[in-house]
Amino acid sequence: MSQFIVVSYDIVDDQKRARVARVLKDYGARVQYSVFECKINEKQIIDLKNRLTKAINLKEDSIRIYSVCQECTKKITLIGESTTIQEDQPDYFVI
C-alpha cells in the first residue's frame with residue numbers, strides 16, 4: 001500500500017544537494033526547490049532512507065521526511081503556481 005510522504009532537505013554542498021535530488025527523483029516529484037512529494041510503499045521508503053543516508057553528511061546536512069495520511073492529503077492547500085501528486089497519478093517505482 002502506497003503512502004504519501006513529503007521530503008525536504010537543507011544541504012549546503014551543491015554536489016551533495018544534487019545527489020539527494022537525483023535520489024528523490026527516483027521516488028517522487030519535485031514540488032519546490034528542496035521539497036519532493038512521493039507516493040511510495042513501505043519497502044521503497046526504507047530504500048529511500050538508506051539511499052539518502054548514504055548521500056549526505058549526517059553531521060552537517062538535514063533531511064526531513066513527513067508522512068501525510070490520505071485524509072490529510074485532501075487538505076493540502078496550494079497557493080500560487082504549484083502542483084502536488086494527485087491520487088489518480090501512477091505510483092513511482094525504482095528501477
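Keep in mind the model is a prediction, meaning the values are calculated, not measured.
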Could you tell me which non-hydrogen atom of [X] sits nearest to which non-hydrogen atom of [Y], and how far apart they are?
{"X": "Ala55", "Y": "Arg19", "result": "O-NH1, 3.1 Å"}
{"X": "Asn57", "Y": "Lys16", "result": "CB-NZ, 3.3 Å"}
{"X": "Arg17", "Y": "Ile11", "result": "NH1-O, 2.6 Å"}
{"X": "Gln32", "Y": "Arg30", "result": "O-CG, 3.0 Å"}

Could you tell me whether the side chain of [Y] reaches within less than 4.5 Å of the side chain of [X], counting heavy atoms only?
{"X": "Leu24", "Y": "Tyr9", "result": "yes"}
{"X": "Ile76", "Y": "Phe4", "result": "yes"}
{"X": "Val20", "Y": "Asp61", "result": "no"}

To the nearest 0.5 Å, tell me how far Ile45 CD1 sits from Asn50 CG.
-> 12.0 Å

Among Gln70, Gln44, Glu42, the one residue meeting side chain to side chain donor-acceptor pair (under 3.5 Å) with Gln3 | Glu42

Return all side-chain donor-acceptor pairs below 3.5 angstrom for residues 62-69, not counting sequence neighbours, or 'none' if the list is empty.
none

Single-linkage hydrophobic cluster, 4.5 Å side-chain cutoff, Leu58 and Val7 together | yes

Mind checking whether Val6 and Leu78 sit in one hydrophobic cluster, side chains of I, L, V, M, F, W, Y counted as touching below 4.5 Å?
-> yes

Worked verdict on Asp26 versus Arg22 for salt bridge (charged side-chain N to carboxylate O under 4.0 Å, His left out) | CA-CA 7 Å; Asp26 288 342; Arg22 283 193 301 271; over 6 Å; no

